[in-house]
Amino acid sequence: MDTTATGPDLVRQLPPPLPAERIVALNQPRQDLHTTRAYEWNGWTFDVPPGVFLPGWTSRMVHERILDGRIETRGRRYGAMGAGLGVEAVAAGVRGAREIYAMDVHATSVATAARHYARLVGPRDGTAFLPAAGDLFDGVPPGTRLDVVTFNPPAVSQAVSDDPDVVRNTCVGASLLARFFAQLAERELLAPDGEVYVIASNTADLRTIVQDAQDRGFTPRVDHVRDWRDGVLTFLFAFTHGSRA
Ligand SMILES: C[S@@+](CC[C@H](N)C(=O)[O-])C[C@H]1O[C@@H](n2cnc3c(N)ncnc32)[C@H](O)[C@@H]1O
């Protein structure tokens, strides 16, 4: 595909979702979600309480970009949507973000992110850590402006489990992204030069996700594509709002 395409040309080129049975097979939930697990990355150790998402390869595509600045948070107001364990927040703290909103609908995840931030980053001049539990941006005060937002959403398009924690972490689907872009636009949460990074694969309905964002005035581009050589293609999209693309 032409990764420089944008707008309707980009939507047309995006792959449709993989067959349903393949998506379900690829996303079989691990049996240990309701246990306490451990995670290590970049020399840091994180404990993972029951119900909190254990980061995977897709998570790390975002984490490494925040840490090295390919997704730049230094000096910027950063929103980590679906903060989970808090790895994005920690990476942005080390990078020197100005404000870090750790947003998650799962209160235990926000508390876990806050704990990891306190232990691995701690107080820093010029950096504020702001926990924001709630649905999408509900925990963020009115008037908030963000320069950069990231979201590794539970975008898988097939129900892979009846367990509400698995669904919350994995397979809410494209409707969550439609609400995410609607809130960003309606509340004018994105600063004029702001960027929104969303990562999703063809286990999700990519065309609907990107079309819904466009319908809210966002301009998409493909920042990166990873081909896992098993039929799965993961897209890191960057969106700007209005005519500033
Ligand atoms: C795939 S996990 C990503 C976690 C972490 N950012 C990472 O990449 O490792 C998705 C996260 O989105 C959160 N989430 C699901 N629905 C949400 C909502 N309506 N509002 C905010 N966060 C939500 C989940 O609780 C979960 O922590």
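Whatever order the structure lists ligands and atoms in, that order sets their numbers, starting from 1. All values below come from the heavy atoms of this structure, side chains included, with hydrogens, waters and symmetry mates left out.
For ligand 1, the atoms closer than 4.0 angstrom to any heavy atom of Leu176 are 16 (N), 19 (N). Taking every non-hydrogen atom of Asp135 and a distance limit under 4.0 Å, the qualifying atoms of ligand 1 come out as 18 (C), 19 (N), 20 (N). Near Asn169, with a cut-off below 4.0 Å to any heavy atom, the atoms of ligand 1 are 1 (C), 2 (S), 10 (C), 24 (C), 25 (O), 26 (C), 27 (O). For ligand 1, the atoms closer than 4.0 angstrom to any heavy atom of Gly84 are 27 (O). Short contacts between ligand 1 and Arg168, defined as distances under 4.0 Å to a heavy atom of the residue, involve ligand atoms 15 (C), 24 (C), 25 (O). Close contacts of ligand 1 with Ser59, meaning ligand atoms under 4.0 Å from a residue heavy atom, involve 7 (C), 8 (O), 9 (O).
Taking the six-membered ring where the residue is Trp, Phe46 and His116 present perpendicular rings, their angle passing 60° and hence far from 30°. Under the 30°/60° scheme for interplanar angles, the aromatic rings of Phe218 and Phe239 are found to stand perpendicular.
A side-chain donor-acceptor contact under 3.5 Å links Asp215 and Gln211. Side chain to side chain, His34 and Asp163 meet the donor-acceptor criterion of an N or O pair below 3.5 Å.
Scanning the protein heavy atoms around atom 16 (N) of ligand 1, the nearest turns out to be Val105 CG1, 3.6 Å. Of all protein heavy atoms, the one closest to atom 5 (C) of ligand 1 is Gly82 O, 3.4 Å. Taking atom 10 (C) of ligand 1 as the reference point, the nearest protein heavy-atom neighbour is Asn152 O, 3.5 Å.
Here the closest heavy-atom approach between residue Asp193 and residue Arg76 is recorded as O-NH2, 4.0 Å.
The distance criterion of under 3.5 Å between nitrogen or oxygen atoms is met by Asp104 with respect to ligand 1. Not a single N or O atom of Pro55, backbone or side chain, sits closer than 3.5 Å to an N or O atom of ligand 1. Residue Ser109 places no N or O, backbone or side chain, under 3.5 Å from any N or O of ligand 1. Checking only distances, Leu136 does come within under 3.5 Å of ligand 1, N or O to N or O. Here's the thing with Met103: none of its N/O atoms is less than 3.5 angstrom from an N/O atom of ligand 1.
Applying the salt bridge (Lys or Arg N to Asp or Glu O under 4.0 Å) test to Arg65 and every residue at least two apart in sequence or in another chain returns nothing. Under the salt bridge (Lys or Arg N to Asp or Glu O under 4.0 Å) criterion, Asp230 pairs with no residue, sequence neighbours left out.
With a 4.0 Å heavy-atom cut-off, ligand 1 is reached by no atom of Leu85.
Within 6.0 Å of CD in Gln31 there are 12 or fewer heavy atoms belonging to other residues, nucleotides or ligands.
Hydrophobic cluster membership differs between Val110 and Val87, with clusters built from Ile, Leu, Val, Met, Phe, Trp and Tyr side chains linked at under 4.5 angstrom.
Using a 4.0 Å cut-off between charged side-chain N and carboxylate O, Arg70 and Asp223 make no salt bridge.
Compare Phe151, Phe180, Phe137, Phe53 by their heavy atoms: the one nearest to atom 2 (S) of ligand 1 is in Phe53.
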